Enquirer: 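Take a look at the following structure, please.
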Amino acid sequence: MNGNIDAAEESVKGRDFIRAIIDEDNRTGKYEKRVHTRFPPEPNGYLHIGHAKSICLNFGLAREYGGLCNLRFDDTNPTKEESEYVESIIEDVTWLGFDWEERLFYASDYFEKLYEYAVQLIKSGDAYVCDLTAEEIRAHRGTLTEPGENSPFRDRSVEENLDLFSRMKDGEFPDGSKILRAKIDMASPNLNMRDPAIYRIKHASHHRTGAKWCVYPMYDFTHGLSDSIERITHSICTLEFEDHRPLYDWFLEKLGVYRPQQIEFARLNLSYTVLSKRKLLQLVEEGFVDGWSDPRMPTLSGLRRRGFTAESIRRFCDEVGVAKRDVVIDVARLENSIREELNRTAPRFMGVLNPLKMVITNYPEGQEEMLEAVNNPEDPEAGKRSVPFSREIFIERDDFLEDPPRKFFRLAPGREVRLRYAYFVTCTDIVKDGDGNIIEVRCSYDPATRGGDAPDGRKVKGTIHWVSAKHALDAEVRLYDRLFTRSNPMEGKSDFLASLNPDSLQVLSGCKLEPALAGAEKGGNYQFERTGYFCLDSRDAAPGKLIFNRTVPLRDSWAKMAGKEPGGKA
RNA sequence: UGGGGGAUGGUGUAAUGGCAACACACAUGGCUCUGGACCAUGCAAUUGGGGUUCGACUCCCUGUCCCCCAGCCA
């Protein structure tokens, strides 16, 4: 499903600095006019909207230039990686609509080759085995402003290094006792060049290679070589790797292998959420959310469950663009992207979230009729449906006010409004309980206004939605709001958890939906008129058990006018 | 006060020596059987200073501010 990417999406893009580089490379023939990218996640967590930007960039570039894009798992740290994550990543990239064809790779596929490259480095005198402890290495590294000192093991002979490295591989030494280092320059102003680690000892089981290895290559060594092996042309990564680029190039040059070029861009930040795997993991592990796929999470699986479509996310990524400066994108942009799509595509229904009973006193008892409603005013092809009407209906509590303020166009004592696709009704009476709460409104209707138009040309200011009480479907509806109350939860000294929004989830039960919604399907998106866009919860809904998630509310200019919260507490 | 990057309206993205444009947000008006959508209009920017040039967001010099780097993480 969702696999097709329509051509319309392609035209939106302008030129960004990466495309400019590729254009130039194609002009000069640097890579024989090939474009071959890769998306290289570490399988240590679920993919989020920030990864979507990288996925859309890498796969999008390949598609635009008639090139290829690989999916490669950067799985060089067995203690953090799990198969569960590789499965979820495969699912998410596929869902987003991209295809790596037969090019699904793992850095761990290259362990043997990488080991040989390390041996080659030792032989050429460019790597050595170091016995310093982690603390000692840190002490020898120097500081940002002071050069480091050479390791006392730096001048071991090639033979000794070869022997030691081989025994490291064979499991003779415990974790942390030895490490293989590149011999570069302890005085380099770039700390990454101060004899960085290439291989460390980890007696840990790897999710793919099991117990076969007890030495694992580091990212800096692995990444460029994996790119080289796959003959990647443009290795696109995020800004924090800028000063790893000299090292990336150093390994490839020393080894004399094919050289891709690394290009860095600014990662995506979204307001009112966090986008770091570590923080997301914490939210999951400490139970602040209900797993990686909680609809409030910025993960692709969370957004999917929330009701976001792959197309809306792709479009969002395209619109946000790619550049080198740190940015925070307003989450409103993401919401706009899904609204824009769903307005065009989502069939409309009536659903009452906070029901208030209405009795139409002059409507014959026991009578019921079917009224015609438009499925999607934006799409004539969507056709029409019938909605049952009867003497007792539910309306939204917010649509009635006993003492309405100015500019309130909805129902109030003595006032006439239109019931959408039905009749004009006038409020004649209110019924309250012992505590003074309104429990029922009583109205009279004008039979001449059937369908919603008055033959005498009279107008009403308000149109409200409704559901026939007798025919209503009961449902649970989950309303979501932003996970954090602060635009940037990471800002300032206080813990990001301190700005968790306590009202990010609101569960409504006893909601009343029009009967056609019984046919709602998982994966479908629906608009509840005047309320928002909703989808069936993919995990908890079941036949006969309607549970809807609100993807995003409709814009609500009344709420804005009335000074209520944006996001619409219903 | 080492090294590497970055700075264009409220938020993003363009313009690469030639009228600072587009989107989102916001505001106002119109239209409407969704206070939705749509239409129209408006608000609003080149980090400071200097230089080159007929002409600078763009090139040069200089200042300021922001981000990243001292994992045997990626």
Side-chain angles (χ1 to χ4, degrees), chain A residues 12-16 20 40-42 44 74-77 79-81 107 130 132-134 137-139 141-148 175-181 188-194 196-202 216 218-220 222-223 237-246 264 266 271 277-278 319-330 332-333 335-337 339-340 343-344 348 350 373-374 377-378 407-410 417-422 424 449 451-453 459-465 527-532 553-562:
Chain A
V12 207
K13 290 177 185 141
R15 292 283 92 161
D16 51 64
E42 182 188 15
N44 66 343
D74 230 330
D75 57 349
T76 56
N77 186 351
T79 55
K80 287 191 175 177
E81 298 149 5
C130 180
L132 255 24
T133 64
I137 285 181
R138 195 181 316 127
R141 187 151 31 224
T143 68
L144 293 177
T145 53
E146 297 157 330
D175 288 8
S177 59
K178 284 183 169 39
I179 128 184
L180 183 70
R181 293 227 255 172
S188 172
N190 180 346
L191 303 215
N192 294 117
M193 302 300 271
R194 318 241 264 226
I198 302 178
Y199 265 89
R200 74 286 217 190
I201 301 172
K202 272 179 190 271
Y216 292 92
M218 299 290 290
Y219 164 84
D220 286 307
T222 308
H223 203 91
C237 62
T238 44
L239 251 28
E240 66 270 28
F241 293 104
E242 272 174 325
D243 33 70
H244 290 242
R245 192 182 342 124
E264 310 86 8
S271 63
K277 280 190 198 168
R278 220 197 100 236
E319 285 170 358
V320 149
V322 42
K324 293 192 75 145
R325 76 166 142 157
D326 298 303
V327 296
V328 179
I329 306 293
D330 193 333
R333 287 286 286 272
E335 295 171 350
N336 179 265
S337 167
R339 276 201 197 99
E340 195 272 330
N343 176 52
R344 285 184 285 113
R348 270 123 244 230
M350 291 196 282
V374 172
E378 303 297 316
K407 302 269 194 152
F408 182 83
F409 300 151
R410 282 110 97 147
V417 299
R418 170 169 36 236
L419 294 175
R420 183 123 161 110
Y421 297 124
F424 284 13
T449 57
D453 286 305
K459 303 280 185 199
V460 287
K461 294 279 274 200
T463 297
I464 65 176
H465 59 279
Q527 184 192 107
F528 292 1
E529 293 216 30
R530 304 209 307 132
T531 303
L554 245 33
R555 277 212 192 82
D556 188 346
S557 55
W558 163 245
K560 200 183 291 176
M561 204 187 313

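For clarity, every value in this text was computed on a predicted model and none was experimentally measured. Chain A is the first sequence line, chain B the second, and so forth, proteins listed ahead of strands; every chain is numbered from 1.
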Enquirer: Among residues at least two apart in sequence or on other chains, which ones pass salt bridge (charged side-chain N to carboxylate O under 4.0 Å, His left out) with A:Arg138?
Expert: none
Enquirer: Does A:Thr531 make a side-chain N or O approach to OP1 or OP2 of B:rG36 shorter than 4.0 Å?
Expert: no
Enquirer: Mind checking if A:Asn44 touches a base, just sugar-phosphate, or nothing, with heavy atoms under 4.0 Å?
Expert: nothing
Enquirer: When all nucleic acid strands are considered with a 4.0 Å heavy-atom cut-off, which category describes A:Val460: base, sugar-phosphate, or nothing?
Expert: nothing
Enquirer: Enumerate all atom pairs, one protein N or O and one N or O from nucleotides 14-20 of chain B, separated by less than 3.5 Å.
Expert:
none

Enquirer: Out of the candidates A:Arg278, A:Lys80, A:Glu81, A:Lys277, only one should pair with A:Asn44 under the side-chain hydrogen bond (donor to acceptor under 3.5 Å, both in side chains) rule; please name it.
Expert: A:Lys277
Enquirer: Pick base, sugar-phosphate or nothing for A:Gln527, based on heavy-atom distances below 4.0 Å to the nucleic acid.
Expert: base
Enquirer: If you take atom types as modelled and just measure distance, does the side chain of A:Glu319 reach the base of B:rU13 with a donor-acceptor pair under 3.5 Å?
Expert: no
Enquirer: Check this one for me: any side-chain N or O of A:Ser557 less than 4.0 Å away from OP1 or OP2 of B:rG36?
Expert: yes
Enquirer: With a 4.5 Å heavy-atom cut-off, do A:Leu419 and A:Ile464 have their side chains touching?
Expert: yes
Enquirer: Under the ring pair (Phe, Tyr, Trp, His ring centres under 6.0 Å) test, which residues partner A:Phe424, sequence neighbours left out?
Expert: none
Enquirer: Using nucleotides 38-48 of chain B, report all nitrogen or oxygen pairs with the protein that are shorter than 3.5 Å.
Expert:
none

Enquirer: Taking for each residue the nucleotide of RNA chain B bearing the nearest heavy atom, is the 5' side occupied by A:Ala332 or by A:Leu419?
Expert: A:Ala332
Enquirer: Checking all strands, does A:Arg138 fall into the base, sugar-phosphate, or nothing category for heavy-atom contacts under 4.0 angstrom?
Expert: sugar-phosphate
Enquirer: Measure across A:Thr143 and A:Arg194 and return the closest heavy-atom pair with its distance rounded to 0.1 Å.
Expert: O-NH2, 2.7 Å
Enquirer: Taking the same atom, P, in B:rU52 and in B:rC60, what whole-Å distance lies between them?
Expert: 15 Å
Enquirer: Under the rule for salt bridge (charged side-chain N to carboxylate O under 4.0 Å, His left out), what residues qualify as partners of A:Arg333, not counting sequence neighbours?
Expert: none
Enquirer: Could you work out, with ring pair (Phe, Tyr, Trp, His ring centres under 6.0 Å) as the rule, every residue matching A:His223, not counting sequence neighbours?
Expert: A:Tyr219
Enquirer: In whole angstrom, what separates A:Leu132's CG from B:rG71's C1'?
Expert: 15 Å
Enquirer: Considering only the C1' atoms, how many Å lie between B:rU32 and B:rC39, rounded to the nearest integer?
Expert: 11 Å
Enquirer: Given side chains that start at C-beta, do those of A:Ile201 and A:Ser177 come closer than 4.5 Å, heavy atoms only?
Expert: yes
Enquirer: Between A:Met561 (CE) and B:rG36 (C1'), how many Å, whole number?
Expert: 13 Å
Enquirer: Please tabulate the protein-to-nucleotide N/O contacts below 3.5 Å involving nucleotides 63-65 of chain B, giving atom names and distances.
Expert:
none

Enquirer: Show the nearest heavy-atom pair for residues A:Asn343 and A:Glu378, with the distance to one decimal.
Expert: O-CG, 3.3 Å
Enquirer: For A:Ser271, which residues count as a side-chain contact (heavy atoms from CB on, under 4.5 Å) partner, sequence neighbours excluded?
Expert: A:Val328, A:Asp330, A:Val331, A:Ser487
Enquirer: Between B:rU53 and B:rU58, how far is it from one C1' atom to the other, in whole Å?
Expert: 13 Å
Enquirer: Rounded to whole angstrom units, what separation is found between the CG atom of A:Asp330 and the P atom of B:rA23?
Expert: 17 Å
Enquirer: Can you find a donor-acceptor N/O pair under 3.5 angstrom joining the side chain of A:Arg410 to the base of B:rG35?
Expert: yes
Enquirer: Report which part of the nucleic acid A:Phe408 touches: base, sugar-phosphate, or nothing (heavy-atom distance under 4.0 Å, all strands).
Expert: base
Enquirer: Please identify each residue that fulfils side-chain contact (heavy atoms from CB on, under 4.5 Å) with A:Lys324, with sequence neighbours left out.
Expert: A:Phe17, A:Leu239, A:Glu242, A:Glu264
Enquirer: If I pick the C1' atom on B:rG42 and the same atom on B:rG49, what distance separates them, to the nearest angstrom?
Expert: 34 Å
Enquirer: For a quick check of understanding: with a heavy-atom distance under 4.0 Å over all strands, which category does A:Pro377 fall into, base, sugar-phosphate or nothing?
Expert: base
Enquirer: Report yes if some heavy atom in the side chain of A:Pro196 is under 4.5 Å from a heavy atom in the side chain of A:Met218; otherwise report no.
Expert: no
Enquirer: Report, one pair per line, the protein and nucleotides 4-6 of chain B atoms (nitrogen or oxygen only) whose separation is under 3.5 Å.
Expert:
residue	atom	partner	partner atom	Å
B:rG5	O4'	A:Glu242	OE1	3.4
B:rG5	O2'	A:Glu242	OE1	3.1
B:rG5	O2'	A:Glu242	OE2	3.1

Enquirer: How long is the line joining CE of A:Met193 and P of B:rA70, in whole Å?
Expert: 16 Å
Enquirer: Are B:rA74 and A:Tyr219 stacked, with the base six-membered ring and the side-chain ring centres under 5.5 Å apart and planes under 30°?
Expert: no
Enquirer: Which residues pass the salt bridge (charged side-chain N to carboxylate O under 4.0 Å, His left out) test with A:Arg530, sequence neighbours left out?
Expert: A:Asp399
Enquirer: Please state the P separation for the pair B:rA56 and B:rG51 - nearest whole angstrom.
Expert: 12 Å
Enquirer: Give A:His223 one of three labels, base, sugar-phosphate or nothing, depending on what nucleic acid heavy atoms sit under 4.0 Å from its own.
Expert: nothing
Enquirer: Let me know the distance between CZ of A:Phe409 and P of B:rU32, rounded to the nearest Å.
Expert: 14 Å
Enquirer: Are A:Arg141 and B:rG2 close enough that a side-chain N or O sits under 4.0 Å from OP1 or OP2?
Expert: no
Enquirer: Name the residue closer to the 5' end of RNA chain B, choosing between A:Ala197 and A:Gly462 according to the nucleotide with the nearest heavy atom.
Expert: A:Gly462
Enquirer: Send over the distance from A:Phe241 CZ to B:rC69 C1', rounded to a whole Å.
Expert: 12 Å
Enquirer: Is any side-chain heavy atom of A:Leu554 closer than 4.5 Å to one of A:Gln527?
Expert: yes
Enquirer: Considering residues at least two apart in sequence or located in another chain, which fulfil the ring pair (Phe, Tyr, Trp, His ring centres under 6.0 Å) criterion with A:Phe408?
Expert: A:Trp558
Enquirer: Separation of A:Glu335 atom CD from B:rC24 atom P, in whole Å?
Expert: 15 Å
Enquirer: Name the nucleic acid region contacted by A:Glu42, choosing base, sugar-phosphate or nothing; use a 4.0 angstrom heavy-atom cut-off, strictly under.
Expert: sugar-phosphate
Enquirer: What's the gap between B:rC43 and B:rG36 when it is taken at their C1' atoms, as a whole Å value?
Expert: 24 Å
Enquirer: B:rU32 C1' sits how many Å from A:Arg530 CZ, rounded?
Expert: 14 Å
